[in-house]
Amino acid sequence: MSIYDSLNKEQKKAVCHTEGPLLILAGAGSGKTRVLTHRIAYLIEEMGVKPWNILAITFTNKAAKEMRERVDRLVEYGSDQIWVSTFHSMCVRILRRYIDRIGFGTDFSIYDTDDQKTVIKAVMKRLNVDPKQFKERSLMSAISSAKDELISVREYELDAQYDYTKKVIAQVYREYQETLQSNNALDFDDIIVKTVELFHRCPEVLDSYQERFQYIMVDEYQDTNTAQFELIRLLALKYRNLCVVGDDDQSIYKFRGANIRNILDFEKYFEEAAVIKLEQNYRSSQTILDAANAVISNNKGRKDKALWTERGAESKIHLRQFDSAYEEADFIADDVAHKVRREGLSYKDCAILYRTNAQSRVLEERMIYEGIPYNVVGGTNFYSRAEVKDILAYLKTIDNGRDEMAVRRIVNIPKRGIGNATLDKLSAKAQEMSFTLYDVMEIADELSGLGKSCAKVRPFVELIESFREKAERMTVAELIQEIIHRIDYEEYLKDNDSDSAEDRMENVNELISKAVIFQKQNEEATLTDFLAEVALVADIDNVEAGDDRLLLMTLHAAKGLEFPHVYIAGMEDNIFPSSMSIYSNNEEDIEEERRLAYVGITRAMQDLTLTYARSRMLRGETQYNPVSRFVREIPQQLLDSTLPAPRRSMEDRRMAEEMFGIPSREIDPPSGFDYRPKATVKPKITVQADKPFIAKGIGSLNQIAGISRGMSTQPETGVDYAIGDRVKHIKFGEGIVTGMTKEPRDYKVTVEFDQAGTKIMYASFAKLKRV
DNA sequence: TTTTACTTCGTTTTT
DNA sequence: CGAAGTAAAA
């Protein structure tokens with residue numbers, strides 16, 4: 001019996017088709033990861049392909065890690081020799097070796113979105129671009145899409161000649177690229193673009209990688225953009241053993257430049273390509289698949305396919321309407337609690353999905369209220385938190401003095417009396433001498449015309465120099481510790497805001513732990529490597545399977561995951577599909593949202609619950625939205641409750657009145673529009689200045705719950721009650737503690753409530769008070 | 001130069 | 001409604 005016997009006929013075909021281009025159209029839940037891992041195993045074990053000649057590209061680090069582990073279980077040896085990597089980390093790896101051939105230093109920095117924004121702003125100022133007329137946001141996305149499409153500055157300029165707006169964008173684009181180059185920095189898009197440029201300009205480098213990667217596999221192929229396609233096209237050009245796996249129905253990253261034509265036209269680019277469809281679904285019940293198929297069938301221009309399963313209909317899709325988002329959240333919390341406490345389900349079997357990150361707040365508040373342990377995926381990335389970025393900026397400055405962004409960030413942290421005025425003077429001087437900002441600072445006291453403020457620069461330079469010297473013989477973790485000690489970072493945080501200082505320090509410590517772990521896993525790794533690693537982690541990468549927690553995330557973040565019980569909240573027009581897509585009047589935008597709906601529905605294995613609210617607060621305004629059109633696209637017999645009659649617009653009503661003289665029935669707004677939660681739990685620390693980060697999302701919930709973040713990594717020791725004590729719960733009232741069990745990072749407490757009966761809850765969530 | 005108070009602005013989704 | 005940016009004050 002071989003490992004391939006467990007595959008179905010189509011899967012087997014895909015695994016054994018090893019030579020030449022191959023397109024695998026893999027529907028949701030059709031076992032595409034299985035196919036990919038088995039295919040790699042087959043190449044090694046049956047075809048005698050050397051592991052180091054195989055390249056597998058995934059979308060996230062998490063997927064890469066999973067794939068490597070699964071391959072490792074299938075093959076005898078060599079799984080560590082395969083390149084399993086994301087586009088970005090693969091390109092960084094290549095560029096670290098060869099980017100000096102196209103005018104960058106191999107110790108380049110990587111700029112995240114915040115850094116980009118800062119650069120754009122500075123550029124706009126320098127070029128006198130009117131911020132009223134041009135939003136930095138749109139400039140950024142214009143530049144980003146140009147890069148995704150591999151349009152160079154020069155090409156953009158040529159195209160812009162007769163268009164004022166484009167001309168301005170072209171100017172900003174040029175200046176932006178020049179700034180990045182002089183900072184020896186690349187943004188996310190550049191990481192791909194520069195690799196393509198390297199391959200074009202240095203055929204011998206390309207050739208060496210073509211020889212190296214004789215068998216290439218790309219996962220989530222529908223999400224690739226033009227630049228990424230060009231990259232893999234070049235790599236595969238010589239041996240043409242390119243296998244791409246994707247599902248056009250799950251293409252949801254158009255806004256990020258994903259080019260759906262890459263998958264729809266694959267057979268045009270590679271004429272000899274074989275196409276295999278995987279349509280048998282191993283994940284969901286028939287009912288869920290029927291709903292998904294019904295919704296997605298409203299899209300035009302898709303590859304023809306339909307999912308099927310051997311499973312039965314099982315339970316219907318639950319549909320619930322509420323008066324407000326509070327009630328919606330209340331219902332979901334109760335429903336999850338019920339399933340866990342009465343039906344023996346685990347929290348980790350459930351997920352709540354929503355369209356926008358902003359929707360997580362109300363849900364989070366309710367989960368705390370109900371005592372449900374949860375994690376939020378997404379929101380603000382751990383590495384974009386101010387305190388983490390401060391420390392990283394120190395590291396970047398030490399590592400790459402040309403990174404002006406980093407230098408500017410930390411030059412006055414802690415306060416050294418070096419403000420914008422001084423910095424601008426130094427910066428101008430730097431420009432004039434074509435030095436970097438840091439170079440000028442080093443020689444500041446020898447320069448004339450800088451005034452007395454330059455005396456303050458000296459100690460800063462000396463500090464950095466001493467760090468550089470120490471960095472030679474220290475680990476990254478030790479270096480961070482040295483930095484926070486020398487600049488007394490804790491004191492700085494306390495001066496700024498004593499309330500949050502402790503939490504922030506906790507994040508810094510978390511960063512130190514990450515550095516320790518990183519260096520343990522990569523013994524040869526340098527500071528540069530650590531900074532690159534840190535720049536390329538995504539939120540989803542931090543979701544660990546171990547914790548028994550309910551997951552909250554956007555529909556986008558949910559792609560590739562599955563859960564027995566899925567809730568999709570906010571099923572309303574203007575929320576989902578988003579108002580942007582509705583008002584754009586472009587059917588393609590709605591189709592993209594519909595694919596998102598398809599992704600959401602197909603995450604569910606057994607049970608799917610769709611909820612919507614008649615009123616919802618948005619930007620301080622109450623909106624009344626009709627139920628999502630996607631819900632209406634689900635056949636009624638699959639739903640467990642009936643939909644309200646389609647709401648008629650005011651015009652329709654007026655017309656009906658005029659034509660028939662009948663006053664139309666009042667449907668909206670609903671009765672309960674002023675609904676307030678019975679007793680809102682006011683988070684002690686609200687989600688503001690300090691928007692929760694993810695770092696597995698734990699930080700966020702602790703912060704909302706008013707619990708020190710320290711508990712996210714260490715078990716709580718300080719509960720002030722024990723078995724036999726009388727305690728009070730915010731919702732269930734008073735009761736007696738009848739049991740306590742210690743869990744790795746928490747206590748599980750059993751309480752017999754006077755009114756509400758016996759409940760089992762986590763101590764850190766229940767916030768029980770001794771009475 | 002830094003802090004504070006007021007205004008404005010806007011919200012999709014993110015490697 | 002909340003964050004972020006700007007103008008004025010210390």
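Throughout, protein chains are lettered first and strands after them, A, B, ... in sequence-line order, and every chain is numbered starting at 1.
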Between A:R256 and A:D148, does the salt bridge (Lys or Arg N to Asp or Glu O under 4.0 Å) criterion hold? Intermediate values first, please. CA-CA 8 Å; A:R256 209 171 59 194; A:D148 289 341; over 6 Å; no
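Residue-level contact check: A:E592 touches neither bases nor backbone, having no heavy atom under 4.0 Å from any strand. Contacts of A:F59 with the nucleic acid, taken as non-hydrogen atoms under 4.0 Å apart, involve only primed sugar atoms and P, OP1 or OP2. Note on A:R137: only backbone sugar-phosphate atoms sit closer than 4.0 angstrom, heavy atoms only; bases stay farther off.
Between A:N225 and the phosphate of B:dT15, there is no side-chain N or O to OP1/OP2 separation shorter than 4.0 Å. Distances shorter than 4.0 Å separate none of the side-chain N or O atoms of A:N574 from OP1 or OP2 on B:dT12. Residue A:K121 places at least one side-chain N or O under 4.0 Å from the OP1 or OP2 atom of C:dG5.
If you take CE of A:M580 and P of B:dT12, they are 4 Å apart, rounded to a whole angstrom. One interatomic measurement links the two molecules: CG of A:D189 to P of B:dT14, which rounds to 16 Å at whole-angstrom precision.
Remark: ring of A:F87 not stacked against base of B:dT15; the cut-offs of centroid gap under 5.5 Å and plane tilt under 30° are not jointly satisfied.
Relative orientation of the A:F576 and A:F630 rings is perpendicular, given thresholds of 30° and 60° on the angle between their planes.
Among the nucleotides B:dT12, B:dT13, B:dT15, the one closest to the side chain of A:S578 is B:dT12.
Under the Watson-Crick or G-U wobble criterion, with both distances below 3.5 Å, B:dT13 is left unpaired in every strand shown.
Remark on DNA chain B: of its neighbouring residues A:T113 and A:K135, the 5'-side contact belongs to A:K135, judged by nearest-heavy-atom nucleotide.
With hydrogens and angles ignored, no donor-acceptor pair under 3.5 angstrom links the side chain of A:H556 to the base of B:dT14.
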